[in-house]
Every structure is written in C-alpha cells, then in structure tokens.
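What follows is a single structure, written as structure tokens, with notes after it.
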Protein chains: 2
Amino acid sequence: MSIPSYEIIDKMENMLNIASDSTRIKILYSLLGENEEENIEKTVSEIVEETSASQSLASHQLKVLKDARLIKSRKQGKNVFYSLCDRHVKLLLEVVYEHVVEEDEDE
Amino acid sequence: MSIPSYEIIDKMENMLNIASDSTRIKILYSLLGENEEENIEKTVSEIVEETSASQSLASHQLKVLKDARLIKSRKQGKNVFYSLCDRHVKLLLEVVYEHVVEEDEDE
DNA sequence: ATAACAAATGAATGATTGTTCATGTATATT
DNA sequence: AATATACATGAACAATCATTCATTTGTTAT
C-alpha cells in the first residue's frame, strides 16, 4: 500500500479535519439514530438539545458538515431537517470508537 | 446509538485530530507497507524520503504520532525505527480512503 | 579528536479555526 | 401588523498548530 496521490491525501485530510471536532462528532452521532439502517432526520433544535451546543454553534457546524457533504438538509416550514449523507461516516466513527475504547483497556 | 460520554468524545476528537494532517497521513501510509499483516519498520530517513517532508517536520510529526500512541520507535545505532502500534490505524485510513474515492465517482 | 551522519529540539511565525455575541431572515400564529 | 419561533450569518477573538530555520545531541567512522 503506497502513499496515495496528493489529491487523495488532500481529500482524506479534509474529511478527517471535518470529523475531528467534538461538536461535530456529537452532531454526527445524534444523526446516526438508535436503530441499524434507518436514516434519521432531526431538526436543529433537536440536535441542539442532544448535543448541548449553543444554537449558533450547532448551526455553524451543521453548515461545515453540509459543505463537506457529510450531511444533507431539507426545509419544511419553520424547521430544517438534517440527516446523514453517507454510510462511511458511521464506519469512521465505529473505527475511532473501537480504538479509544480498547486503549482504555490497556491501562 | 446514543452520543458517547464526554471522555470518549474527547478521545475520539483527539485521535481524529492526530490523523487529520497530510504529513502525518503520509507517514502512516509509509508505515503500512506493501504486504498485508506484516509490521513494517522504517527509519526516519526512509520516511523523510517517501513522504518528501523535511527532516525536521518529519521528526516533529513522528513525535506527535508517538505521543498519541499510534506509532512506536526502537533505536538501533544511529537509526531510529518507527512502526505502527495499532491495527485501527489501517482501518481508519481504509474507511477514509474509500469515502474520498467514492465521492470522486459521483462527479 | 574530528568529521560525518541520523535524528531531535526549540523558538518563531503565519494561518487556520472553534466559539461567542449580536443580529438578520424566514415562517407561523394571534 | 405584531410577536414568537427556528435557523442562519457575520464579525471578532483566542487558541491551536503545521512548518521552517537554526542548533544540538547522539552515534559511527577515520
């Protein structure tokens, strides 16, 4: 497995940057939902409550996630519903979660 | 899947932060090696050459990766051999790689 | 000893970015 | 029309961090 091209590395760095913020991680988790494959939709208010971020902060980070195409949005009346774009997000969180949990076991 | 505890989120953020830098991504790739399960060891000079980072930069980032326990080192004479600590690193890179490659296909 | 090589370190800097505060816009309700 | 709710936006600030340059430490060879 040799080092990928500059372009690929650049995109990988970008995706990891997007994912490497606690507020955004919480938002992504809240959009994963409880059940397996269903695609959860949540309003900004619901996300704000679950993540206990400020409304402004959540909105800013939702924009970041949307611009990076990790989530999408749908407007309906006063509400905006956000949901995940991509199954890779779940895999990413799972791998990282496993890593940090197993690290704890070593100590 | 509810939002993990603050501690877990914090550690996840930290690991993702470590991984979200192009220099460090290249270093990790260069330590993955060609074959499947074997654990590759490489000197700083080799890593410098493969990643085309400066010697100082590589050394700095190797320290970051080592402090985060993603890699380990072994000294032998003038050389220091670095290698991966953890199989999760490979999984992480694979998931992210798949994501960015599939994204390209959509456009 | 001294020269040459391998790697680490420390300071300095420029850029990026997470967060807050304040405000703006759109939609619904009375 | 006025008010309330839901969400977005822009400016501003503090903090973090990747990178470079210069120097230093440790090791081998002459």
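The figures that follow rest on heavy atoms only: side chains count, while hydrogens, waters and symmetry mates do not.
Between the side chain of B:Ser20 and the backbone N or O of B:Leu16 there is at least one donor-acceptor pair closer than 3.5 Å. Not one N or O on the side chain of A:Arg24 forms a donor-acceptor pair closer than 3.5 Å with the backbone of A:Leu65.
The residue among A:Lys75 and A:Ser20 whose nearest nucleotide of DNA chain C lies closer to the 5′ end is A:Ser20.
Atom CD of A:Glu49 is separated from atom P of D:dT5 by 15 Å (rounded to the nearest Å). Look at CG on B:Asp21: it is 11 Å from P on D:dC17, rounded to the nearest Å. Distance CG (A:Asn17) to C1' (D:dA18): 11 Å, rounded to an integer number of Å.
Residues A:Ile25 and A:Ala19 approach most closely at CG1-O, 3.2 Å, considering heavy atoms. Heavy atoms only, all atoms of each residue included: B:Ser83 and B:Ile40 are closest at CB-O, 3.1 Å.
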Dump the pairs, protein N or O against N or O of nucleotides 7-13 of chain D, anything under 3.5 Å, distances to one decimal.
{"from": "D:dC7", "atom 1": "OP1", "to": "A:Val44", "atom 2": "N", "distance (Å)": "3.3"}
{"from": "D:dC7", "atom 1": "OP1", "to": "A:Val80", "atom 2": "N", "distance (Å)": "3.2"}
{"from": "D:dC7", "atom 1": "OP2", "to": "A:Ser45", "atom 2": "N", "distance (Å)": "2.8"}
{"from": "D:dC7", "atom 1": "OP2", "to": "A:Ser45", "atom 2": "OG", "distance (Å)": "2.2"}
{"from": "D:dA8", "atom 1": "OP1", "to": "A:Tyr82", "atom 2": "OH", "distance (Å)": "2.6"}
{"from": "D:dA8", "atom 1": "OP2", "to": "A:Ser59", "atom 2": "OG", "distance (Å)": "3.0"}
{"from": "D:dA8", "atom 1": "N7", "to": "A:Gln55", "atom 2": "NE2", "distance (Å)": "3.0"}
{"from": "D:dA8", "atom 1": "N6", "to": "A:Gln55", "atom 2": "OE1", "distance (Å)": "3.3"}
{"from": "D:dT9", "atom 1": "O4", "to": "A:Ser56", "atom 2": "OG", "distance (Å)": "2.8"}
{"from": "D:dG10", "atom 1": "O6", "to": "A:His60", "atom 2": "NE2", "distance (Å)": "2.7"}

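Judged as a ring-ring contact (aromatic ring centres under 6.0 Å, His included), the pairs with a partner in residues 61-93 of chain A (not counting sequence neighbours) are, in order, A:His88-B:His99. Pairs passing the side-chain hydrogen bond (donor to acceptor under 3.5 Å, both in side chains) check and including a residue from residues 70-81 of chain B, sequence neighbours excluded, read B:Glu41-B:Arg74, B:Lys66-B:Ser73, B:Arg74-B:Gln76. Listed by first and then second residue, the side-chain hydrogen bond (donor to acceptor under 3.5 Å, both in side chains) pairs that reach into residues 4-17 of chain B are A:Asp104-B:Lys11, sequence neighbours excluded.
For the helix from C:dA1-D:dT30 to C:dT30-D:dA1, the rotation axes defined at the first and last 5 base pairs enclose an angle of 10°, given to the nearest 10°.
Listed by residue number, B:Thr23, B:Arg24 are the residues of residues 22-31 of chain B with a heavy-atom contact under 4.0 Å to DNA chain D.
In this view, B:Val95 and A:Leu91, A:Leu92, A:Val95 satisfy the side-chain contact (heavy atoms from CB on, under 4.5 Å) rule, not counting sequence neighbours. In this structure B:Lys63 satisfies the side chain to side chain donor-acceptor pair (under 3.5 Å) test together with B:Asp67, sequence neighbours excluded. Annotation: side-chain contact (heavy atoms from CB on, under 4.5 Å) contacts of B:Val89 (sequence neighbours excluded): B:Leu28, B:Leu70, B:Leu84, B:Asp86, B:Leu93.
At least one side-chain heavy atom of A:Tyr29 sits less than 4.5 Å from a side-chain heavy atom of B:Pro4.
Salt bridge A:Arg87/B:Glu102: present, at least one basic N to carboxylate O contact under 4.0 Å.
When DNA chain C is scanned 5' to 3' for any atom under 4.0 Å from a heavy atom of chain A, the first and last hits are C:dG18 to C:dA28.
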Identify every side-chain donor-acceptor pair in residues 44-52 of chain B under 3.5 Å, counting partners at least two apart or on other chains, and give the distances.
{"from": "B:Glu46", "atom 1": "OE1", "to": "B:Thr43", "atom 2": "N", "distance (Å)": "2.9"}
{"from": "B:Glu50", "atom 1": "OE1", "to": "B:Lys42", "atom 2": "NZ", "distance (Å)": "3.2"}
{"from": "B:Glu50", "atom 1": "OE2", "to": "B:Lys42", "atom 2": "NZ", "distance (Å)": "2.9"}
{"from": "B:Thr51", "atom 1": "OG1", "to": "B:Ile47", "atom 2": "O", "distance (Å)": "2.7"}
{"from": "B:Thr51", "atom 1": "OG1", "to": "B:Ala53", "atom 2": "N", "distance (Å)": "3.4"}

